[in-house]
Amino acid sequence: MADIRSLRDAVADLVRSGDTVAMEGFTHLIPFAAAHEIIRQGITDLTLVRMTPDVIYDQLIGAGLVKKLIFSWGGNPGVGSLHRFRDAVENGWPRPLELDEHSHAGMANRYVAGASRLPFAVLRGYRGSDIPDRTDTVSTVVCPFTGEELAAVRAVNPDVTVIHAQQADRQGNVHLWGLTGVQKEAALAADRVLVTVEEIVDELQPRPTGITLPSWAVTAVVPVPDGAHPSYASGYSVRDNDFYQAWDPISRDREAFQTWLKENIHDRSADR
Amino acid sequence: MADIRSLRDAVADLVRSGDTVAMEGFTHLIPFAAAHEIIRQGITDLTLVRMTPDVIYDQLIGAGLVKKLIFSWGGNPGVGSLHRFRDAVENGWPRPLELDEHSHAGMANRYVAGASRLPFAVLRGYRGSDIPDRTDTVSTVVCPFTGEELAAVRAVNPDVTVIHAQQADRQGNVHLWGLTGVQKEAALAADRVLVTVEEIVDELQPRPTGITLPSWAVTAVVPVPDGAHPSYASGYSVRDNDFYQAWDPISRDREAFQTWLKENIHDRSADR
Amino acid sequence: MTTDWTPDELMTVNAARALAGAGTCFVGIGLPSTAANLARRTHNPDLVLIYESGTLGSKPTRLPLSIGDGELAETADAVVSVPEIFNYWLQAGRIDVGFLGAAQVDRYANINTSVIDRGPDRPEGRLPGAGGAPEIAANCGRVLMVLRHSTRNFVRKLDFTTTVGHGSGPGDRARLGLRGAGPTAVLTDLGILRPDPDTAELVLTDLHPGVTVEQVREATGWELTAAPEPAVTEPPTPEELAALRALKAAGRNAA
Amino acid sequence: MTTDWTPDELMTVNAARALAGAGTCFVGIGLPSTAANLARRTHNPDLVLIYESGTLGSKPTRLPLSIGDGELAETADAVVSVPEIFNYWLQAGRIDVGFLGAAQVDRYANINTSVIDRGPDRPEGRLPGAGGAPEIAANCGRVLMVLRHSTRNFVRKLDFTTTVGHGSGPGDRARLGLRGAGPTAVLTDLGILRPDPDTAELVLTDLHPGVTVEQVREATGWELTAAPEPAVTEPPTPEELAALRALKAAGRNAA
């Protein structure tokens, strides 16, 4: 059963240095507040998993907490590059970043295999691409019925998955709606599941397109209003596109980034 | 794009003798009216696919239209045996019935592979069971990453899938909710998709737990109020448990069944 | 001995009791569903019921006749697709207890629900088939079984192995790569059988009030071993009986 | 020649026109999304837009900045999970047109969006990566590409093959087991390239008004073949321009 906890305690308990951590949310419901708490607590040597690293991982990478990134598209959506990500890959600053790079279809199926507790998933993918040359998590299998060769991707099973949702009830059942991306799979693939929510409600009202994660499939729930900002929570907020655009000059410059980090993360407490 | 048609025309056009036909609905939303129209039209030599054959396939089998059944649990839920199914298997009456028998997990994954247009799916299943000895659609694959051996099931891709839903709009977009079983997979695995609906509405209002099949993934939509009876359509009707119980004595007896078939199917037109 | 309960009620009450401490239960329809719902109504109100029709956390107020009754969905915490329930929830090993019925069971708690051998001159008798059982027994933390006791059901040799319990004895589950402990109790209308920790063979460990070891042996198709001093199960409490009868009455009225 | 449109507008208008007759389009963010939304606002109002964030039939009233903007979900016919969009819809071959951007493209319309070789003394330059492109190009009925024309983008040899267009020439797609026709047009700010039916090599078939073959050759990193008499694309109509500018303004205002 999920405990309802503070962000500080939940992150300290569930996320550990050296962990493989997935923080999912496809543009929508990205768990920024939890990432900021990881930065404040200096939890490091992380292997991060995410289809679209987005600004959230640019921040963690720039903070020097990440040793490896498993991903499929690393840009600032609608804006351009993730400069902290590029600086780490191209220049090893502030530390070298190992990559395990996939296509979206491959990453989605790695989570599906993880949630299904299968060691791999099968897809029509990667054919003719150079991607498999650079990873040991893409291979092939032969269909035992037709003889056709297909791509196989290795399951991903994070130590902990962090997601943001709109609501939980007091028992820790979680409800999210709108674009729900790959969150169900990412959560069910993990050993521990931390969910930040916009609010705790007395009774969940299932919504169209909504998915419910029952309390017994969640480790901890943390109320964090606006915890997805500058991403958004459908029904609660809109995407702060200005922030995504403002991130470009901040992240281009190491000093500007470090100033931003100090002022906006380290000097702010997680007391919400 | 889905055409909105009469039941008679849609069945005549989409379902052909010799076809592989899936009529899905896990207790809920079973497309009985469409099955009855198949019986009236005498469309025969069918290979029927369904996780739980239920009374709907007992009727088609008893009517002599079925040469093969692909399934995973063939009982009258909550009541007992499917006697027409048993009579066909045990005594070849009114014709022999070839079986391809699976577990639920295997059948569900056969549909998933079919919907994904993959030739097979992988699962942890069938280990130690005698089921694989009697079918050529269960095999094994070895994980290229871990060396673990897993079960593989062959994709099922029906010529036509028939389902019943609560609503469609005038463009042929289909919405169903409540227990949605394996209907999405069964529909997307098929070449042609026939959907009977409780009603045509001006605008679909997505419901919690609901799934939408867009018009361009559907071949024909047919308004058939109560077209799932004696099964049910959540929001429109309740399961006619009395009918399921009454079916037991009807189906036990060949003559009683044939009388039922004449009076309730052949002598009634599909003019709704 | 005069009792005011039936053997079936004894069976169901004891099956419900076997869910003490369970968090989540994958429920087969029929006797398992009755027992699991009774457990929710008595000692385990927080028990999470999972049905293969795709419902997580169903809280029906009456006994469902079928596994897909509307109330299972309407009262559930979540409704998911049938592929999802099997892949993400059952196969992933998230369910504590699988609760199964059976047509034939052997001394290692293997199950046949597929076909019956009716002798050389007659065609095989047809049973419903596997349903969810093979993967429920493979992937739950432990498995409970509930069925009526007779030599027709408790057989020396299965005509067909639909679902593996303990295979041919100790170590077989591990060899086959099956998760969990497998069947830990078989609840019947005469008593309770449990696998011997060393041999994995089902042993009579509990008798229902008024039942003798000899009666159970007569109803079992193999040389049933009994514990040296089988326990006697507690009679149903008035609360248990009242809850069971209310559940069944509500189910009938709804039908 | 005085024009009241920009090269980018020419590119986008022609990219939108390339969706004539298309039923369903898997839309990449950025230029492809602008073009696909313009097509819906002009000649193809019934075009079904599919975004990899999981929306089927999105009808946004303004240009989404990102692929997961809320309006894409709110206006969609259906919202599904990301695994589902890739497995059941894209991989299954249900989508008519895949619409992609690119960082580098070669003469066979193969795409690099992963890394740039910056010479022996410098580390590789990092691009965003594959995203959905490899499977979009593999599984759609046909593929359109839209990108600005320069020798930096149109290269003799890719530094990395992220996504296969026509491989190393005719027959390669079939050999690799790729569905569909692959790239059928590359829309740029200078004109349109299409694969030669015999060689699968991209050929300059259309020039935008006022652009010369020589200009295009100078902006292309290989010896570009031009059709004997390249067509000249129709100038944007006032309606097209108005619709495009309204879309872009609405997108900016919403941001």
Side-chain angles (χ1 to χ4, degrees), chain B residues 25-28 51-52 71-79 81-82 85-86 89-92 99 101-109 111-112 115 123-131 134 148-150 177-185 208-209 211 231-232 234 238-239 241-242 244-245, chain C residues 29-30 51-55 64-70 72-74 76 78-87 90-91 93 110 112-115 118 122-136 138-139 158 160-164 167 172-173 175-179 254-255:
Chain B
F26 209 94
T27 306
H28 181 216
M51 293 181 65
T52 58
F71 79 112
S72 43
W73 191 83
N76 180 344
V79 179
S81 289
L82 295 174
F85 159 64
R86 288 187 59 175
V89 174
E90 296 176 0
N91 308 310
L99 298 182
E101 185 168 356
H102 283 262
S103 68
H104 276 350
M107 275 300 290
N109 279 293
Y111 278 125
V112 168
L123 72 155
R124 288 184 196 283
Y126 296 101
R127 285 174 177 169
S129 171
D130 290 340
I131 294 172
R134 294 194 177 193
E148 187 183 359
E149 187 178 277
L150 294 140
W177 66 86
L179 295 171
T180 54
V182 73
Q183 280 99 307
K184 181 183 272 187
E185 287 76 14
T209 78
I211 61 176
S231 158
Y232 71 107
S234 181
V238 295
R239 190 169 187 267
N241 287 334
D242 288 345
Y244 276 88
Q245 278 161 333
Chain C
I29 205 68
Y51 286 85
E52 66 197 17
S53 48
T55 66
L65 181 70
S66 96
I67 217 151
D69 276 17
L72 294 178
E74 287 151 21
V79 178
V80 302
S81 75
V82 165
E84 180 178 325
I85 203 92
F86 281 102
N87 290 344
L90 178 64
Q91 176 176 267
N110 302 301
N112 172 23
T113 50
S114 298
V115 290
R118 296 188 294 189
R122 298 188 57 199
E124 279 184 342
R126 183 65 229 185
L127 300 170
E135 287 76 25
I136 292 172
N139 292 310
L158 296 182
F160 184 96
T161 301
T162 311
T163 297
V164 174
D172 247 34
R173 287 186 65 87
R175 217 167 8 255
L176 289 165
L178 304 177
R179 283 210 195 86

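Chain identifiers are assigned alphabetically (A, B, ...) following the order of the sequence lines, protein sequences preceding nucleic acid strands; residue numbering begins at 1 within each chain.
Side-chain atoms of C/Asn110 come within 3.5 Å of backbone N or O of C/Gly167 as a donor-acceptor pair. The backbone N or O of B/Ser81 lies less than 3.5 Å from no partner atom in the side chain of B/Arg86, so there is not a single donor-acceptor pair.
Remark: C/Arg126 fails to qualify as a cation-pi partner of B/Phe85 under the 6.0 Å distance and 45° angle criteria applied to the six-membered ring.
Only the side chain of C/Glu74 comes within less than 4.5 Å of a heavy atom in chain B; its backbone stays farther off. If you measure heavy-atom distances from C/Arg118 to chain B, the contacts under 4.5 Å come from the side chain alone. Heavy atoms closer than 4.5 Å to chain B are found in the side chain of C/Val164, but not in its backbone. Residue C/Arg173: no heavy atom, backbone or side chain, is found under 4.5 Å from chain B. Both the backbone and the side chain of C/Asp69 come within less than 4.5 Å of a heavy atom in chain B. C/Val115 touches chain B through its side chain: at least one heavy atom from C-beta onward sits under 4.5 Å away, while N, CA, C and O do not. Interface remark: C/Asn139 contributes side-chain atoms only to the contact with chain B (heavy atom separation under 4.5 Å). Contact annotation for C/Glu135: only side-chain heavy atoms (C-beta onward) come within less than 4.5 Å of a heavy atom of chain B.
A salt bridge links B/Glu148 to B/Arg124: one of the charged nitrogens lies within less than 4.0 Å of a carboxylate oxygen.
The greatest number of non-hydrogen atom pairs below 4.5 Å with chain B, out of C/Gly54, C/Gly132, C/Pro134, is found for C/Gly132. Top candidate by heavy-atom pairs under 4.5 Å with chain B, chosen from C/Arg175, C/Glu84, C/Arg179, is C/Arg179. Your options are C/Ala73, C/Gly125, C/Pro83, and the one with the most heavy-atom pairs under 4.5 Å with chain B is C/Pro83.
In this structure, C/Thr161 OG1 and B/Asp130 CG are separated by 4.5 Å, a value rounded to the nearest 0.5 Å. Interatomic distance, C/Tyr51 OH to B/Phe26 CZ, rounded to the nearest 0.5 Å: 12.5 Å.
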Evaluate B/Ser72 against B/His104 for side chain to side chain donor-acceptor pair (under 3.5 Å), listing each step before the verdict. CA-CA 5 Å; B/Ser72 43; B/His104 276 350; 2.8 Å; yes
